[in-house]
Structures are given as structure tokens and as C-alpha cells.
Protein chains: 2
Amino acid sequence: MAGKKRSEMMEETRAKLIASARKAFAEKGFAAASMDDLTAEAGLTRGALYHNFGDKRGLLQAVVDQLDAEMAARARDIGAKAGNDWDGLLAEGVAYIEMALEPEVQRIVLLDGPAFLGDPSQWPSQNGCLQETRRTVERLIAQGIVRPLDPEAAARLLNGAALNAALWVAACDDPQDVLAKAVEAFRVLAEGLLARPS
Amino acid sequence: MAGKKRSEMMEETRAKLIASARKAFAEKGFAAASMDDLTAEAGLTRGALYHNFGDKRGLLQAVVDQLDAEMAARARDIGAKAGNDWDGLLAEGVAYIEMALEPEVQRIVLLDGPAFLGDPSQWPSQNGCLQETRRTVERLIAQGIVRPLDPEAAARLLNGAALNAALWVAACDDPQDVLAKAVEAFRVLAEGLLARPS
DNA sequence: CAACACACATACACTCCGTATGTCAACTCA
DNA sequence: TGAGTTGACATACGGAGTGTATGTGTGTTG
């Protein structure tokens, strides 16, 4: 079995390590996750890890990149399904809140990522979600729907608001009820961006 | 010298350890800070640390509590100086952004705190900044200035937006310019909370 | 003043990361 | 095709760090 080339094998081990790391980081957090346990669960040793990713942070970076790409793709799809850009922006924001409820996203991308890798906008993956939101804001400004302001700033604050909303929902007792309140508050805040009719 | 009672001595060692920890955590981050180095700089050993704080996280919690109390007090003062509650809310938000630019606050309270202690609202100190903002929002709702919505949700999102704004400013090349953009965006977003004249 | 309590120091066991070295299969090329 | 080489990964080792168990000296109390 397995007529694989060396490069294919290597891609496979990378994928296995990243998959194990996603689980371990999400469950125990980056700091508490043991590389020995990680690699063992993937049927490998730390040798493979250091060979492929350099060090522990390198593995975290790879995991974050993968998650971020998935999140950006989902946000794009959801935004595209909306009737117009404004509804798209709101839908993206709500989607971001809901994604941030998943342990993998919350723990790895939103908590450990910034703590161990630094500011998200400086990541190699360039924080796809942020870019997605920024582009939507830029379109809305061009259309005159949103007030002229720095799109990067707006995207930053919107995503930040969504993140904290998600942390709140994730830690509360009644997620159903709190999620509704958080989404409502997000919508209200976002409306501040709208160009006033006045 | 030193006609001190035992309890006074203990308070003093706690204060010394917390002070050293603030420096070390802010400079190296919680994970990379060594307890041996920490305590040595305070003229003590790890024995004192484990006796007073239980474990490394306990020390982080104590540091975070202290910083949080200071931040809440500053926010309260700044909010009180404003002419009305609405200006107070904006001033608090801007102050929060500016405080988050200080390395101690950013690194310890905003990055390592959530990563190692979990959701801020569940901290024993109960996140004074958040409570401060929430109370201001409650007053504004009572006055009919802000739309009726969940004050906790609004406070959460506002603080989250401010936090991300600060991370952005701290990591950028031109803090002066970016800070202005961030503050502007914050103001615009916050205006979404205002009751529409309709 | 004798006995205790307690704040803190010391010593030890364990885990974990990173690196240096080893090994074996896959690829190359004569 | 087979000897040499490369490279992906495993193994072995050293250093550092946390947490705990035990020791010690000073302050407190009856």
C-alpha cells in the first residue's frame, strides 16, 4: 500500500501534527499542551515536530494559519449570501461571534494566539477575518452607506467587539439568551457606522 | 529598625512580590517569567511566593487584580470629570484605549490575563473597568439617551472594541496617527447606541 | 520561659523544551 | 543495479522551571 512520494509523506505528517495540535491546544491551552503527548497521539515523536515547524511556537503559528483561513472562508461565504453589503457586514459580525464560540477558535486563535504570537495583524496569515471585514467596510464607504472613516479602524473595532461578545457568551450560564443580547448589541453598535440621513 | 507586626511584614512581602511580578510579567510575559528570578529581585525565594499565592497563577491573579483596580479608579475619575454621562462614556472608552497602550496593562491584563485566567468577567476582581462602563451605560439608558438594550452587552462590546483598538495602535508604526483613527472609530461606533431622534 | 505557630528558605522530584546525534528509507547517478 | 548521498524522523541528553515536602528561625502566647 501507499505509493507516496516523499513530499506527499511530509505533507501528511504536517497535517497529522497540526490536527493533533488543534485538539491539544483547544483542550489544554497552548502553554499546558505537551509536545510529547501531541506527537505521540499523531503516531510520531518530537523529532518530526522540530523538523517541520522549528519550535513549539512554529506549530502554533501553523495551527492558527489553518484556523484563520477556514474562518475567513466561512465569513466570506456568509457575507456573500446576504442581499447587500450592509447586511453582509452584520452577517459577518454575527458569524464571527458564533465562530468564536467554538473552543478551537476561541482558545487557539483568540486567546493563545495573541498572547504567544503577538498582534494578529502581524501574523503571516494576516488575519483573514479582519481583511474580510475591512474590505466590506471599504465597499460600504464607497457606496456612501457608511460614513467615511478609516476602514481598518472600523474593522478592528468590530472584530474586537465580536470577540469579547463571544468570550462573554462562552462563559455565561445561559448561552442562548446571552447570545441574542450580544448579537443585538453588535447590531446597534454597527449602526453607528451608518451615514446619518440628517 | 522595623517595629513591624507579623501581619504587616506579610503585607509588605506580598506587595514586594506583586511589584516584581508586574515588572517581570510586563517585560517577558507570564509564561516566560521565571519565579526564581522574580522572587530573587524582590529579595525573597519561591517559598514566600507559594506560601502567599499558592502557585504561579495565583500571583498573576493578584497582579491582575491590582492593575484592574487601578484602571477602574482612573476610568471613574476621567468619566466623572466629563460634563455629562454621554461624554463620560466616550471619555472612559478613550481612556481605556490609552491605558491599554501601557505595556503592563496590555501584556498582563489584556493578553496573558484572559489566556491564563480565563474570561475576565469571572475574575474575583470582577473586571472593574467593565463594571464602570456598564454603570455608565445603565444611567444613559435610564436618561433615555441610549437605546434600551442590555447594559452588560453594550459594556462588553465597547470594552472589546477599545481593547482591539489598543492592540492595533501598540503594534503599528505611527501610533500618533493610528490612535487618532482608533479614537474616531470608537466614537462613531458608540454613537450607534444613541436613541434615534427618528 | 517553654512550647507552639507561622512565614519563609532549602532541597528534591518531576515535567518539559530544545538540540545534538543517530538511523534507515528514498532518491541519484554512474 | 548498487554504492553513495540526502533527508525525514527517532533517540538521547542537558538545562530550566514548577510544585511540594521538609527544615529553620523568629515572633507569639500561656
Side-chain angles (χ1 to χ4, degrees), chain A residues 1-21 23-64 108 112-113 115-117, chain B residues 1-21 23-64 107-108 112-113 115-118:
Chain A
M1 67 173 177
K4 313 222 173 171
K5 297 202 167 79
R6 276 229 282 224
S7 59
E8 290 172 350
M9 290 294 294
M10 198 160 174
E11 267 314 303
E12 194 177 316
T13 71
R14 283 179 63 93
K16 280 197 286 192
L17 287 174
I18 291 178
S20 288
K23 249 189 283 187
F25 291 166
E27 286 169 8
K28 307 182 175 186
F30 174 72
S34 158
M35 312 284 271
D36 283 319
D37 298 350
L38 255 191
T39 51
E41 187 174 320
L44 298 163
T45 70
R46 291 216 321 282
L49 204 157
Y50 283 93
H51 186 72
N52 281 282
F53 299 99
D55 63 353
K56 198 181 182 184
R57 282 183 52 209
L59 179 59
L60 176 60
Q61 184 74 66
V63 171
V64 164
I108 301 175
D112 288 339
F116 290 97
L117 301 176
Chain B
M1 68 172 175
K4 315 220 173 172
K5 296 201 168 78
R6 279 231 281 224
S7 59
E8 290 172 349
M9 292 292 296
M10 197 159 175
E11 267 314 303
E12 194 177 316
T13 70
R14 282 180 63 94
K16 280 197 286 192
L17 288 174
I18 291 177
S20 288
K23 249 189 282 186
F25 291 167
E27 286 169 8
K28 308 183 173 186
F30 175 72
S34 159
M35 311 284 269
D36 282 320
D37 297 350
L38 256 191
T39 51
E41 187 173 320
L44 296 163
T45 70
R46 291 213 326 280
L49 204 157
Y50 283 93
H51 186 73
N52 280 283
F53 300 100
D55 62 353
K56 197 181 181 184
R57 282 182 53 211
L59 179 59
L60 175 60
Q61 184 75 67
V63 170
V64 164
R107 177 86 237 188
I108 302 175
D112 288 338
F116 290 97
L117 300 176

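Reminder, nothing fancy here: chain letters follow the sequence lines and each chain counts from 1.
Using a 4.0 Å heavy-atom distance criterion, A:Ser34 is classed as a sugar-phosphate-only contact. Heavy atoms of B:Asp36 sit under 4.0 angstrom from at least one base atom. If you check every strand for non-hydrogen atoms under 4.0 Å, B:Ala33 touches sugar and phosphate atoms only. Counting non-hydrogen atoms under 4.0 angstrom, B:Leu49 reaches nothing in the nucleic acid.
Closest to the side chain of B:Ala48, out of C:dC17, D:dA10, C:dC8, is C:dC8. Among the nucleotides D:dA8, D:dT18, C:dC17, the one closest to any side-chain atom of B:Lys56 is D:dT18. Taking only side-chain atoms of B:Asp55, from C-beta outward, the nucleotide of D:dC9, D:dG19, C:dC17 with the closest atom is D:dG19.
At whole-Å resolution of the value, CG in A:Leu38 and P in C:dC17 are 8 Å apart. Atom P of nucleotide C:dC8 and atom CZ of B:Arg14 are separated by 10 Å, given to the nearest angstrom. Rounded to whole Å, atom P of C:dC27 lies 14 Å from atom CE of A:Met10. Look at OH on A:Tyr50: it is 14 Å from P on D:dA10, rounded to the nearest Å. Protein atom CD of B:Glu11 is 11 Å distant from nucleotide atom P of C:dA7, rounded to whole Å. If you measure from atom CG of A:Leu17 to atom P of D:dC9, you get 8 Å, rounded to the nearest angstrom. Atom CZ of B:Phe30 and atom P of D:dG17 are 14 Å apart (whole Å). Atom CE in B:Met9 sits roughly 17 Å away from atom P in D:dG25 (whole-Å rounding).
Distance alone, capped at 3.5 Å, places no donor-acceptor pair between the A:Asn52 side chain and the A:Arg14 backbone. Proximity of a side-chain donor or acceptor of A:Ser20 to a complementary backbone N or O of A:Leu17 within less than 3.5 Å is not detected. With B:Asp112 contributing its side chain and B:Phe30 its backbone, the two residues share a donor-acceptor pair below 3.5 Å.
Side-chain N/O atoms of A:His51 include none lying less than 4.0 angstrom from OP1 or OP2 on D:dC9. Listed pair B:Thr45 / C:dT10 fails the phosphate criterion, with no side-chain N or O lying under 4.0 Å from OP1 or OP2. Dashed line: the shortest gap from a side-chain N or O of B:Asn52 to OP1 or OP2 of C:dC8 is under 4.0 Å.
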Salt bridge (Lys or Arg N to Asp or Glu O under 4.0 Å) between A:Glu41 and A:Lys23, intermediate numbers included: CA-CA 10 Å; A:Glu41 187 174 320; A:Lys23 249 189 283 187; 3.2 Å; yes
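Residues B:Met10 and B:His51 have side chains in contact (heavy-atom distance under 4.5 Å, counting atoms from C-beta outward).
Remark on DNA chain C: of its neighbouring residues A:Arg46 and B:Arg46, the 5'-side contact belongs to B:Arg46, judged by nearest-heavy-atom nucleotide.
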